[in-house]
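A note on names: the letters A, B, ... follow the listed sequences, proteins ahead of strands, and every chain is numbered from 1. As the structure is a prediction and not an experimental result, all values here were calculated from the model.
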There are 2 protein chains.
Amino acid sequence: MVDIHALAETRLRADGQRYTRNRRTIVEALDRAGGPLSLPQLLHRHRQLAQSSAYRNLAILEAAGVVHRIVTNDGFARFELAQALTEHHHHHRICSTCGSVEDFTLPAALEDSLEKALRRVATKSDFQVASHQLDLIGVCPGCS
Amino acid sequence: MVDIHALAETRLRADGQRYTRNRRTIVEALDRAGGPLSLPQLLHRHRQLAQSSAYRNLAILEAAGVVHRIVTNDGFARFELAQALTEHHHHHRICSTCGSVEDFTLPAALEDSLEKALRRVATKSDFQVASHQLDLIGVCPGCS
DNA sequence: CTTGTAATGAGAACTACTCTCGTTTAGGTT
DNA sequence: AACCTAAACGAGAGTAGTTCTCATTACAAG
Ligand SMILES: [Mn+2]
Ligand SMILES: [Mn+2]
Ligand SMILES: [Zn+2]
Ligand SMILES: [Zn+2]
């Protein structure tokens, strides 16, 4: 059990940024949510957040490595806490009908061999891998 | 060796659409390109294409299952031929600096076990999987 | 407190993309 | 060939998610 807020503050400070009330509210919301949130979803949960500030703070939190931005086909970006903060590597099920995004995990053994194979692919091509991203595209229970 | 254009025409007809000169040009360009193309890249290769028509035709080709749209963080969507046409399942290396997208493939054995694991994940959650998508995020040789 | 700097937020601006609508093209019929 | 009709075209206007501007506010240091 890590202290999300302490980590967030440390990372922001390393970036010359403050951990303000608004930023804490965003981190709190993303931590509480069961999966990635779009900006409308975030604002709906916390009416006191201004849209422009929320976007700006999400960008700052992303630059500091606190928040991860997920871009899907439905036009709305989604935001979640960076996996380094939650210490929970996972992937996403993306509904092609409603655009909702949910988390899932792979068996550890498969994740390991996948990671190894990806490293091999990257080495052969001089590509410096920062991360990988595995999405399931389909239709969620609510939309079928 | 499949006939891309015959397949494209069949799929369009099944959707009540014609395989016009512009659409053939787009399919040809995507086939020739070594990887996914953004719209600016496509228009640069074929100056006679109008932007509005190119976007419209790409949407129609996507609906017919001829073209696949890839959405990245750099604001520009990328387009490639659907894997059903090329009969070549692959994944993408995405450069977080310049936004370029390139293809790569996994070892067949790994791809198999991955697919099996994904089916299991999907079944447990009532999620109807249409496809999966595996991206490597990092820095390409040109940007490092 | 006072003061300097960063953060805020309402609204304007930006831009990738989509829509509109008058014109052109092309497949089918005579 | 000539005609007809519906689809496709394309220049430009419109849309919408996101970013920027700048006057105001909050906060940390002394
Ligand atoms: Mn993984
Ligand atoms: Mn695969
Ligand atoms: Zn759904
Ligand atoms: Zn690059």
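When rounded to the nearest whole Å, the span between CZ of A/Arg24 and C1' of C/dA7 equals 16 Å. In this structure, B/Phe76 places its CZ atom 19 Å from P of D/dG17, rounding to the nearest Å. In this structure, CG of A/Asp74 is placed 14 Å from P of D/dA16, rounded to the nearest angstrom. Rounded to whole angstrom, the span from the CG atom of A/Asn73 across to the P atom of C/dC17 amounts to 12 Å. To the nearest angstrom, P of C/dA16 lies 7 Å from OH of B/Tyr55. Distance, B/Phe79 CZ to C/dT18 C1': 12 Å, rounded to whole Å. The separation between A/Arg13 atom CZ and C/dA7 atom C1' is 14 Å, rounded to whole Å. Atom CG of B/Leu58 and atom C1' of C/dA16 are 13 Å apart (whole Å).
The CG atom of A/Asp31 sits 9.0 Å away from atom CG of A/Leu85, with the distance rounded to the nearest 0.5 Å. Of the inter-residue distances, the one linking A/Glu87 atom CD with A/Ile4 atom CD1 reads 8.5 Å to the nearest 0.5 angstrom.
For residues 116-130 of chain A, the side chain to side chain donor-acceptor pair (under 3.5 Å) pairs, not counting sequence neighbours, are A/Ser125-B/Arg93.
Ring-plane geometry between B/His132 and B/His89 is classed as perpendicular, the angle between the planes exceeding 60 degrees on a 0 to 90 degree scale with a lower cut at 30.
Listed here is the closest heavy atom pair of B/Thr105 and A/Val121: O-CG2, 4.0 Å. When every heavy atom of B/Val139 is checked against every heavy atom of B/Cys95, the shortest pair comes out as CA-SG, 4.1 Å.
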Note to self: Strictly under 4.0 angstrom, non-hydrogen atoms only: write out the protein contact profile of nucleotides 8-14 of chain D, one letter per nucleotide from the 5' end, B, S or -.
What the structure shows: SBBBB--
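Relative to the axis of its first five pairs, the axis of the last five pairs of the helix from C/dC1-D/dG30 to C/dT30-D/dA1 sits at 30°, rounded to 10 degrees.
Surrounding NE2 of A/His46 are more than 12 heavy atoms belonging to other residues, nucleotides or ligands, all under 6.0 Å away.
Under a 4.0 Å N-O distance rule, the pair A/Arg24/A/Glu28 does not qualify as a salt bridge.
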Ignoring hydrogens and angles, write down the donor-acceptor pairs under 3.5 Å from the side chains of residues 64-79 of chain B, residues two or more places apart or on other chains.
from	atom 1	to	atom 2	distance (Å)
B/His68	ND1	B/Glu80	OE2	3.1
B/Arg69	NE	B/Glu62	OE1	3.1
B/Arg69	NH2	B/Glu62	OE1	3.2
B/Thr72	OG1	B/Asp74	OD1	2.7
B/Asp74	OD1	B/Phe76	N	3.1
B/Asp74	OD2	B/Arg78	NH2	2.5
B/Arg78	NH2	B/Gly99	O	3.0

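Judged by distance alone, the side chain of B/His88 and the main-chain N or O of B/Thr86 form no donor-acceptor pair under 3.5 Å.
B/Val101 shares a hydrophobic cluster with B/Ile94, B/Ile137; the chain of contacts runs through ILVMFWY side chains whose heavy atoms sit under 4.5 Å apart.
In the region residues 95-103 of chain A, proximity to DNA chain C at under 4.0 angstrom, judged on heavy atoms, holds for none of the residues.
If you check every strand for non-hydrogen atoms under 4.0 Å, B/Ala77 touches sugar and phosphate atoms only.
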